[in-house]
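Just so it is clear: chains get the letters A, B, ... in the order the sequence lines come, proteins before strands, and each one is counted from 1.
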Amino acid sequence: MTSSFSNLHLAEPLARAVADMGYESMTPIQAQAIPVVLTGKDVMGAAQTGTGKTAAFSLPLLQRLMRHENASASPARHPVRALVLLPTRELADQVAQQIALYAKHTKLRSTVVFGGMDMKPQTAELKKGVEVLVATPGRLLDHIEAKNAVLNQVEYVVLDEADRMLDIGFLPDLQRILSYLPKQRTTLLFSATFSPEIKRLANSYLQDPVTIEVARPNETASTVEQRFYSVSDDDKRYAIRSILKQRDIRQAFIFSNSKLGCSRLTRALERDGLRAAALHGDKSQDERLKALEAFKAGEVDLLVCTDVAARGLDIKDVPAVFNYDVPFNAEDYVHRIGRTGRAGASGLAVTLVTSHDSRNVADIEKLTKKKIEVERCPMEDFRPPRTSRPGHGEGERRRERDGYSAAAYGHRPSRMAQRANNADPFFDKPYEPSSAAEPASWESQRAAAVKSVSPSIRPKRKIAALFKAPVASS
DNA sequence: AAAAAAC
């Protein structure tokens, strides 16, 4: 076939590194991007997750840097010539390791700097001089301001997970970093997802770019089986345990929308006797790296994480991803489920859906252009009987197992029954697929909510929250 | 509604 690395005529040290790693044929993004990057043009590249984007930009980048590689030990003779920026520390670490492998037979030097670690060893590496610098934005700015890193000779800048790097949270730092770089340079942007707005913004950073799209942007990998299960908040953890058991799955990523939720879920799963570790931004860097390593080594089965782990992390053979919470951004859904089904392997992505997630589910459907069926969750009964409460007989146990059904009891639930059952008529009702093609407007959702909620059983502040307009997004 | 990235 034409898409073999041997047809690329990479410089011998790079070809040898590729052979060392056992790579033979290129993935589509590699086959398309490598020749373009070799020309030195600006690139905007979109490809599905897990298809080898790192090699797609780093191999041709190294090849171009090799034209003037330099064996001298002086930092002045080793200016930073290529800068690779990433949105999380773990990702910077991973990409740096990969680049070091590709460059190992060349004379090119590379290093990585990110926060949460001692500055000194990073400074020492920078002072020795590196051609390729991999970094997260905050720490890089620290090094720039401390004059540890001089970027006025950068020829190539890569924004990996580019849409995240360009979003509002990162943009100020990114702008400052870019202001230290020469105007005359090559800029490469890569991601699996690009929204139209980000695409427009991205184009303002590129000169006469070549756009490479090997798949429809935002497309999910066909190797991932996607399931959406309707559950109540209280049953989420039991749902996960049921599915793990039924599918005979040992390892999985479990995504939570908040750091607190992530920690709580981890503790609860540990109490259930499962081997879980938490990974989120409130953990020390040491704990973060340990959690990741333990998961990679198979010492931990469930990596419970926030979206810090949604993008780019490449761990072999992770069979499943659970969305304990439906992500706020549909783009994050695409990235999260991209942690499984990598490099052509098969994977399972299970999203747990409650009644207040309709809108986000609709957004996912719209973004991925894939019809979503919300199914009944296949649950084994992991729910513990709550015998500690007084007055518990067969009826209560059945109710807790099957959920409260007014029909089954032939009457309307009393307020007390509702509280005892943790039933919340609006927030805890399992998700019901709506026949409406378009997501309901916020106003109509509010109207429906107000109608369905009797003020007498709702605390006042929750009602007030329902009336509060959402903050304008943009 | 949250998370991430600097101390």
Side-chain angles (χ1 to χ4, degrees), chain A residues 83-95 112-120 122-123 134-146 148-149 159-178 191 193 198 233 253-265 278-285 288 292 304-313 323-336 354-363 426-427 439 442 445-446 449 461-462 464-474:
Chain A
L83 179 63
V84 182
L85 294 173
L86 297 120
T88 69
R89 297 165 181 178
E90 285 76 12
L91 209 43
D93 198 19
Q94 174 185 297
V95 167
V112 61
V113 299
F114 52 81
M117 309 270 279
D118 196 347
M119 289 276 283
K120 281 185 221 113
Q122 296 177 359
T123 304
V134 182
T136 51
R139 180 54 67 90
L140 177 61
L141 282 169
D142 269 1
H143 281 297
I144 293 173
E145 274 149 27
N148 299 332
L159 305 188
D160 201 359
E161 307 299 342
D163 58 334
R164 168 63 81 244
M165 300 303 291
L166 292 169
D167 92 8
I168 198 71
F170 277 105
L171 203 54
D173 279 359
L174 186 68
Q175 300 265 33
R176 277 181 59 210
I177 291 168
L178 294 179
S191 185
T193 54
I198 293 290
D233 276 326
F253 277 89
I254 302 178
F255 284 97
S256 159
N257 279 357
S258 73
K259 291 180 281 199
L260 184 62
C262 180
S263 288
R264 283 184 179 154
L265 178 59
L279 174 57
H280 60 69
D282 278 351
K283 294 260 164 201
S284 71
Q285 196 51 36
R288 284 168 61 163
L292 200 56
V304 187
C305 45
T306 58
D307 280 323
V308 69
R311 288 166 175 262
L313 289 185
N323 290 313
Y324 185 83
D325 298 317
V326 180
F328 294 126
N329 297 324
E331 274 91 2
D332 290 331
Y333 172 82
V334 175
H335 289 280
R336 285 180 180 188
T354 65
S355 58
H356 48 289
D357 295 323
S358 333
R359 189 160 192 187
N360 292 332
V361 171
D363 285 350
F426 179 59
F427 291 100
W442 181 81
Q445 282 193 28
R446 182 188 61 176
R461 57 194 165 76
K462 280 209 178 170
L466 287 172
F467 282 90
K468 216 175 83 189
V471 183
S473 59
S474 87

From B:dA2, B:dA5, B:dA1, nucleotide with atom closest to A:Pro137 side chain: B:dA5
A:Arg288: partners by salt bridge (Lys or Arg N to Asp or Glu O under 4.0 Å), with sequence neighbours left out: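 Only A:Glu90 meet the salt bridge (Lys or Arg N to Asp or Glu O under 4.0 Å) criterion with A:Arg288.
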For [N], does either OP1 or OP2 sit under 4.0 Å from a side-chain N or O belonging to [X]?
{"X": "A:Thr136", "N": "B:dA6", "value": "yes"}
{"X": "A:Arg89", "N": "B:dA6", "value": "yes"}
{"X": "A:Thr88", "N": "B:dA5", "value": "no"}

Separation of atom [atom1] in [X] from atom [atom2] in [N], rounded to whole Å:
{"X": "A:Asp163", "N": "B:dA4", "atom1": "CG", "atom2": "P", "value": "17 Å"}
{"X": "A:Asp282", "N": "B:dA2", "atom1": "CG", "atom2": "C1'", "value": "12 Å"}
{"X": "A:Tyr324", "N": "B:dA1", "atom1": "OH", "atom2": "P", "value": "20 Å"}
{"X": "A:Ile168", "N": "B:dA3", "atom1": "CD1", "atom2": "P", "value": "18 Å"}
{"X": "A:Phe328", "N": "B:dA4", "atom1": "CZ", "atom2": "C1'", "value": "14 Å"}
{"X": "A:Gln122", "N": "B:dA6", "atom1": "CD", "atom2": "P", "value": "9 Å"}
{"X": "A:Asn329", "N": "B:dA4", "atom1": "CG", "atom2": "C1'", "value": "12 Å"}
{"X": "A:Phe114", "N": "B:dA6", "atom1": "CZ", "atom2": "P", "value": "9 Å"}

When we call it a touch if two heavy atoms are under 4.0 Å apart, what does [X] touch: a base, just sugar-phosphate, or nothing?
{"X": "A:Gly281", "result": "sugar-phosphate"}
{"X": "A:Arg288", "result": "sugar-phosphate"}
{"X": "A:Asp173", "result": "nothing"}

Check against salt bridge (Lys or Arg N to Asp or Glu O under 4.0 Å), A:Asp325 and A:Arg336: CA-CA 11 Å; A:Asp325 298 317; A:Arg336 285 180 180 188; over 6 Å; no
Beyond-backbone contact of A:Ile177 with A:Leu83, side-chain heavy atoms, under 4.5 angstrom: yes
4.5 Å side-chain heavy-atom contact, A:Phe253 and A:Cys305: yes
Those residues that, when tested against A:His335, pass side chain to side chain donor-acceptor pair (under 3.5 Å) (two or more places apart): A:Thr193, A:Arg311
Any N/O donor-acceptor pair, A:Asp167 side-chain to B:dA4 base, under 3.5 Å: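 No.
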